[in-house]
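Input: a single structure, listed below in structure tokens.
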Amino acid sequence: MTQLDLDALNRAPSSEFVSALGGIFEHAPWVAAAVAGRRPYGSVADLFAAMRQAVLDSDEEHRLGLLRGHPELAGAAAKSGNMTAESVAEQGSAGLDRLPSRRVALFEELNRAYRERFGFPFIICVRRHGSDSLLREFQRRIELKPEAERSTALAEVFRIAALRLDAAVQGPDRLPVAGRLSTHVLDTANGVPAEGVAVALVELSEAGERPVVSAVTNANGRTDSPLVGDRPVPRAAYELRFSLGEYFRARGTPIADPPFLDLVPIRFGVADPEGHYHVPLAASPWSYSTYRGS
């Protein structure tokens with residue numbers, strides 16, 4: 001995605017400014033229109049603060065319309081293709097377009113119950129959650145009182161908008177919306193960084209495993225880029241799988257046949273989507289250890 005330059009947006013005609021930022025809030029270009037006349041903005045944070053305040057200052061009809069403009073999770077709009085490109089990408093990031101039929105049915109049931117109770121669809125920043133976390137939040141929030149849930153839904157709208165704006169606009173700053181997940185491998189048998197270890201990250205849920213990313217460690221024993229970076233690390237349970245036996249065989253380190261340690265799994269959880277999780281592996285052919293690093 002090509003980012004827009006904040007300085008260029010500050011100089012653009014109002015119509016171009018609104019066209020560029022009209023999708024930051026779902027089906028609500030009026031938010032961008034409300035802040036176009038307050039330019040220039042010195043930072044992306046200033047621009048986001050102005051857009052957020054425009055929503056808070058709007059009347060009840062506009063705020064309710066903003067909530068009602070969001071699509072349901074794994075709902076009819078997703079099936080018909082009647083969603084904005086931003087929502088398609090966001091729901092796809094959580095695997096909502098690939099759910100097993102039993103979980104689709106559960107989301108449909110919750111969608112109906114939620115809309116009947118609150119009068120708008122369930123809204124959550126899906127980029128911050130794995131499949132199980134989304135479901136838990138859905139089940140928790142459907143029990144809230146209407147006033148509390150409307151405030152919660154609006155807060156989620158702001159989280160979604162912040163991620164969209166951070167991805168869309170380049171300025172002298174970044175909004176604090178991204179987390180990081182990284183790893184490195186130390187070969188304790190030879191006292192060197194382990195180069196050439198295949199690493200796979202999978203999300204674990206009751207619906208099954210979902211591959212996230214795979215990589216190979218470099219000469220420093222690290223992956224060339226974070227396993228997850230420049231975005232939130234979804235709240236979920238994960239497993240990192242290190243092909244340790246393959247690494248030691250390729251290096252010529254004497255190992256048993258079959259090896260005592262072959263594919264080494266490390267299971268861990270992410271509770272803070274904007275946090276930095278570093279999950280290293282220190283390993284020999286006979287032992288390994290890990291910790292949460294920085």
Side-chain angles (χ1 to χ4, degrees), residues 1 3 92-95 98 127-133 163 166-167 170 173-294:
M1 178 180 181
Q3 286 188 303
S93 73
R98 302 178 297 279
R127 290 190 184 275
R128 302 180 73 249
H129 296 269
S131 176
D132 285 354
S133 180
L163 275 165
D166 181 70
Q170 181 179 19
D173 63 329
R174 292 286 304 274
L175 296 178
V177 295
R180 192 166 183 246
L181 173 59
S182 57
T183 189
H184 76 267
V185 185
L186 177 65
D187 176 349
T188 58
N190 296 289
V192 296
E195 180 181 6
V197 179
V199 181
L201 176 70
V202 297
E203 179 190 330
L204 307 175
S205 75
E206 293 181 5
E209 296 182 356
R210 186 170 72 90
V212 178
V213 68
S214 59
V216 177
T217 56
N218 58 27
N220 294 317
R222 301 175 182 271
T223 55
D224 289 337
S225 59
L227 297 170
V228 179
D230 215 30
R231 63 182 176 89
V233 185
R235 184 176 293 141
Y238 295 93
E239 194 167 272
L240 262 175
R241 296 169 182 167
F242 300 86
S243 297
L244 199 62
E246 181 181 312
Y247 161 77
F248 282 118
R249 278 192 294 269
R251 184 179 173 83
T253 302
I255 58 174
D257 184 17
F260 178 66
L261 295 177
D262 195 0
L263 185 68
V264 173
I266 296 178
R267 188 168 293 194
F268 63 98
V270 167
D272 176 12
E274 289 75 42
H276 180 191
Y277 289 80
H278 184 64
V279 188
L281 180 74
S284 76
W286 313 279
S287 66
Y288 68 90
S289 63
T290 190
Y291 55 93
R292 179 176 175 181
S294 61

Residues in side chain to side chain contact (heavy atoms under 4.5 Å, CB included) contact with Val216, at least two apart in sequence or another chain:
none
What are the two closest heavy atoms between Pro273 and Arg235, and how far apart are they?
CD-NH2, 3.7 Å
If you apply the rule side chain to side chain contact (heavy atoms under 4.5 Å, CB included), what do you find for Thr217 with His184, and how did you get there?
CA-CA 7 Å; Thr217 56; His184 76 267; over 6 Å; no
Cut-off 3.5 Å, no hydrogens considered: what does the side-chain donor-acceptor table look like for residues 260-270, sequence neighbours left out?
residue: Arg267; atom: NE; partner: Glu239; partner atom: OE1; Å: 3.0
residue: Arg267; atom: NH2; partner: Glu239; partner atom: OE1; Å: 2.9

Run the side chain to side chain contact (heavy atoms under 4.5 Å, CB included) check on Arg180 and His278 step by step: do they pass?
CA-CA 8 Å; Arg180 192 166 183 246; His278 184 64; over 6 Å; no
Using every non-hydrogen atom in the two residues, find where Leu227 and Thr223 come nearest and quote the distance to one decimal.
CD2-CG2, 4.1 Å
Check for a donor-acceptor pair, side chain of Thr183 on one end and backbone N or O of Val279 on the other, with a separation under 3.5 Å.
yes
In terms of heavy-atom contacts, Ala283 and Leu244 come closest through CB-CD2, 3.6 Å
Return the set of residues passing side chain to side chain contact (heavy atoms under 4.5 Å, CB included) with Arg231 (not counting sequence neighbours), or none when no residue passes.
Val212, Val228, Pro234
Any donor-acceptor pair under 3.5 Å linking the side chain of Asp132 with the backbone of Ala236?
no
Pro193 to Ala219 - nearest heavy-atom pair and separation
CB-O, 3.6 Å
Shortest non-hydrogen contact from Val197 toward Ala194
CG2-CB, 3.7 Å
Given Val177 and Arg127, is the side chain to side chain contact (heavy atoms under 4.5 Å, CB included) satisfied, shown in steps?
CA-CA 10 Å; Val177 295; Arg127 290 190 184 275; over 6 Å; no
With a 3.5 Å cut-off and sequence neighbours excluded, list the donor-acceptor pairs that the side chains of residues 284-291 form with protein atoms.
residue: Ser284; atom: OG; partner: Trp286; partner atom: N; Å: 3.0
residue: Ser284; atom: OG; partner: Ser287; partner atom: N; Å: 3.2
residue: Ser284; atom: OG; partner: Ser287; partner atom: OG; Å: 3.3
residue: Thr290; atom: OG1; partner: Pro280; partner atom: O; Å: 2.5

All salt bridge (Lys or Arg N to Asp or Glu O under 4.0 Å) counterparts of Glu203, not counting sequence neighbours:
Arg210
Does a sphere of radius 6.0 Å around CD in Glu206 hold more than 12 heavy atoms from other residues, nucleotides or ligands, not counting ones at 6.0 Å or beyond?
no
Is any side-chain heavy atom of Glu195 less than 4.5 Å from a side-chain heavy atom of Arg251?
no
Measure the shortest side-chain to side-chain distance between Tyr247 and Thr253 over non-hydrogen atoms and say whether it is less than 4.5 angstrom.
no
Do any N or O atoms from the side chain of Ser214 and from the backbone of Val199 form a donor-acceptor pair under 3.5 angstrom?
no
Could you check if a side-chain atom of Arg174 sits within less than 4.5 angstrom of a side-chain atom of Asp230, using non-hydrogen atoms only?
yes
Once rounded to the nearest 0.5 Å, what's the spacing between atom CG of Leu186 and atom CG of Asn220?
12.0 Å
Any pair with a residue in residues 278-294 that passes salt bridge (Lys or Arg N to Asp or Glu O under 4.0 Å), sequence neighbours left out, goes on the list, sorted by first then second residue, please.
none
Nearest 0.5 Å please: distance from the OG atom of Ser205 over to the OH atom of Tyr238.
10.5 Å
Do you know the tightest heavy-atom contact between Gly245 and Ile255?
O-CD1, 3.9 Å
